[in-house]
Asks: 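Structure below; questions to follow.
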Amino acid sequence: MKILFQGDSITDAGRNREDCHDLGNGYPKFAAENIREAFPDVDIEFVNLGISGNQTKDLVDRLESDFVDVQPDIVSILIGVNDTWHHAADRSWLSNEKFEENYRTVLEAIKTRTNAKILMIEPFLIPIEDKLYFREDLDPKIQIVRKLAREYADAYLPIDGLLAAGYIGTEPTVYAADGVHPTEEGARFIADYYLEAVCDLIDEFAE
C-alpha cells in the first residue's frame, strides 16, 4: 500500500525534494517508523510531497501531479497555518470562504479521482507571544477543517487540541520553538497520534 504525506513545511521538514521517498526530519519520518513497527507484515510505500510555504491554493495547483497521479491508498493532509501566516503582517486575512473552497476542491478531487482514504490533520499553533494574534484568523479556519472532515475524512487528527493538552505542565516551546514548526519532540508527539489515527485505515486495507 502507498501512504502519501501532504502539506507545508511541517510535512516537508527538510526532505530531499528530488526523492519523494525521503521523509525529511519531521512527523512523517517518525510516523513511518511507528507504522512499520506496528505493521511489520504490511508492505507500505511512504511518499512525502509536502512543500514548505504551501497554502491551500498551492495544493489546488498541485492536485494533478501530487495527488491524482500518485494514486495513494491513504493520503494525510496537514495544511492551513500558512493561509493565516502569509496574511498576518497586515491582517489581510484570506477569507474563510476562499479557504474552504480551496480545501474542498482538494478533498473532492481525492474522493472522486482516487481510491484513497483521507486522514485530515488540523492546523495548529503553539502559544508563542509574537504569534498569538494569529488565532483570530486561524481558529475559524480550524473549525472549517473540522467541518470538512465530517464530510470527507476517513480519519481525523485534532492536533491543535491534543497539543494544548500535551503541553499542560510543561513549556509549550518544547513542542515548537517558533509556535509553528515542531521540534523533534513535537514531531514525535504528532507521529504517535498519527499512528492511532491511521491504524484502522491500514487494517482495512490489509484485510
Asks: Could you report the tightest heavy-atom contact between L119 and A197, atom names first, then the distance?
Replies: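 Minimum heavy-atom separation between L119 and A197: CD1-CB, 3.8 Å.
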Asks: Give the cluster check for V180 versus L157: same hydrophobic cluster or not, with ILVMFWY residues linked at side-chain heavy-atom distances below 4.5 Å.
Replies: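 Yes, same cluster.
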Asks: If I take atom CD1 from residue I126 and atom CG from residue L132, how far apart are they, to the nearest 0.5 angstrom?
Replies: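 With rounding to 0.5 Å, CD1 (I126) is 11.5 Å from CG (L132).
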Asks: Using the rule given for side chain to side chain contact (heavy atoms under 4.5 Å, CB included), can you reason through T114 versus V75, listing the C-alpha separation, both sets of side-chain angles and the distance that settles it, and then say yes or no?
Replies: CA-CA 10 Å; T114 80; V75 57; 6.0 Å; no
Asks: Spell out, as yes or no, whether a donor-acceptor pair under 3.5 Å connects the side chain of D83 to the backbone of T56.
Replies: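 A pair under 3.5 Å: yes.
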Asks: Among all residues two or more places apart in sequence or in another chain, which pass the side-chain contact (heavy atoms from CB on, under 4.5 Å) test with K57?
Replies: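 So K57 forms a side-chain contact (heavy atoms from CB on, under 4.5 Å) with Q55, N102.
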Asks: What pair of heavy atoms forms the shortest contact from L49 to C20, and how long is it?
Replies: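 Minimum heavy-atom separation between L49 and C20: CD2-CB, 4.0 Å.
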Asks: For the residue pair F67 and V106, establish whether any side-chain heavy-atom pair is separated by less than 4.5 Å.
Replies: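 Answer yes - side chains close enough.
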Asks: How many angstroms lie between CD1 in I74 and CD1 in I44, if you round to the nearest 0.5 Å?
Replies: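 These two atoms lie 7.5 Å from each other.
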Asks: Just how far is it from atom CD1 of I118 to atom NZ of K111, taken to the nearest 0.5 Å?
Replies: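 The distance works out to 5.0 Å.
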Asks: Between F124 and I10, is there a side-chain heavy-atom distance shorter than 4.5 Å?
Replies: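 In contact.
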Asks: Could you check whether any side-chain heavy atom of D154 comes within less than 4.5 Å of a side-chain heavy atom of D200, counting everything from C-beta outward?
Replies: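 Not in contact.
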Asks: Give me the atom names and distance for the closest heavy-atom approach of G26 to A187.
Replies: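 In this case the closest contact between G26 and A187 is C-CB, 3.8 Å.
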Asks: Under a 4.5 Å cut-off applied to non-hydrogen side-chain atoms, are I35 and V198 in contact?
Replies: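 Yes, at least one pair of side-chain atoms sits under 4.5 Å.
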Asks: Got a donor-acceptor contact below 3.5 angstrom from the E33 side chain to the A191 backbone?
Replies: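 A pair under 3.5 Å: no.
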Asks: Spell out, as yes or no, whether a donor-acceptor pair under 3.5 Å connects the side chain of E100 to the backbone of S95.
Replies: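 No, because the side chain of E100 does not come within donor-acceptor range (under 3.5 Å) of the backbone of S95.
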Asks: At what distance, to the nearest 0.5 angstrom, does CZ of R15 lie from CG of L23?
Replies: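 Here the interatomic distance stands at 9.5 Å.
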Asks: Mind checking what makes salt bridge (Lys or Arg N to Asp or Glu O under 4.0 Å) contact with R135, not counting sequence neighbours?
Replies: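 Partners of R135 by the salt bridge (Lys or Arg N to Asp or Glu O under 4.0 Å) criterion, ordered by chain and then number, come out as D139, D160.
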Asks: Does Y175 use its side chain to pair, donor to acceptor, with the backbone of G166 at less than 3.5 Å?
Replies: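 Judged by distance alone, yes, a pair lies under 3.5 Å.
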Asks: Would you kindly say whether E185 and T183 are connected by a side-chain donor-acceptor distance under 3.5 Å?
Replies: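 Checked: E185/T183 side chains show no N/O donor-acceptor pair below 3.5 Å.
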Asks: How about P28 and T11: do any of their side-chain heavy atoms sit closer than 4.5 Å?
Replies: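 They are in side-chain contact.
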Asks: Rounded to the nearest 0.5 Å, what separation is found between the CD1 atom of I142 and the CD atom of E122?
Replies: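 Taking CD1 in I142 and CD in E122, the distance rounds to 5.5 Å.
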Asks: Please check this pair: side chain of Y133 against backbone of A88, looking for a donor-acceptor N/O pair closer than 3.5 Å.
Replies: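 Confirmed, Y133 side chain pairs with A88 backbone.
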Asks: Could you tell me which residues satisfy side-chain contact (heavy atoms from CB on, under 4.5 Å) with N16, sequence neighbours excluded, listed by chain and number?
Replies: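 If we apply the side-chain contact (heavy atoms from CB on, under 4.5 Å) test to N16, skipping adjacent residues, the hits are E18, D19, D22.
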Asks: Begin from the C-alpha positions of I144 and F99 and carry the test side chain to side chain contact (heavy atoms under 4.5 Å, CB included) through to its verdict.
Replies: CA-CA 8 Å; I144 289 168; F99 176 81; 3.9 Å; yes
Asks: Taking the side chain from N54 and the backbone from L59, do they hold a donor-acceptor pair closer than 3.5 Å?
Replies: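 No; zero donor-acceptor contacts below 3.5 Å.
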Asks: Before giving the answer on side chain to side chain contact (heavy atoms under 4.5 Å, CB included), spell out for I159 and F189 the whole-Å C-alpha distance, their side-chain angles and the decisive distance to 0.1 Å.
Replies: CA-CA 9 Å; I159 201 65; F189 182 93; 4.0 Å; yes
Asks: Which value, rounded to the nearest 0.5 Å, describes the distance between K141 atom NZ and Y103 atom OH?
Replies: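 The distance works out to 13.5 Å.
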Asks: Do we see a donor-acceptor contact under 3.5 Å between the side chains of Y152 and R104?
Replies: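 Yes, R104 and Y152 have a side-chain donor paired with an acceptor closer than 3.5 Å.
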Asks: Please verify the inter-ring angle class for W93 with F134; under 30° counts as parallel, over 60° as perpendicular, anything in between as tilted.
Replies: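 Perpendicular.
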Asks: Is the shortest heavy-atom distance from the side chain of E151 to the side chain of L107 under 4.5 Å?
Replies: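 No, every pair of side-chain atoms sits at 4.5 Å or beyond.
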Asks: Under the criterion side chain to side chain contact (heavy atoms under 4.5 Å, CB included), I'd like the reasoning laid out for L4 against K2: C-alpha separation, chi angles, the key distance, then a yes or no.
Replies: CA-CA 7 Å; L4 170 63; K2 184 185 296 184; 5.6 Å; no
Asks: For D12, does its backbone N or O pair with a side-chain atom of S9 as donor and acceptor, under 3.5 Å?
Replies: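 No, the answer is negative, given that no donor and acceptor are paired below the 3.5 Å cut-off.
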Asks: Identify the heavy atoms of V70 and S65 that sit nearest to each other, and give their distance.
Replies: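 The answer is CG2-O, 3.7 Å.
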Asks: What orientation do F46 and F5 show, parallel under 30°, tilted 30 to 60°, or perpendicular over 60°?
Replies: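 Aromatic pair F46/F5 classed parallel.
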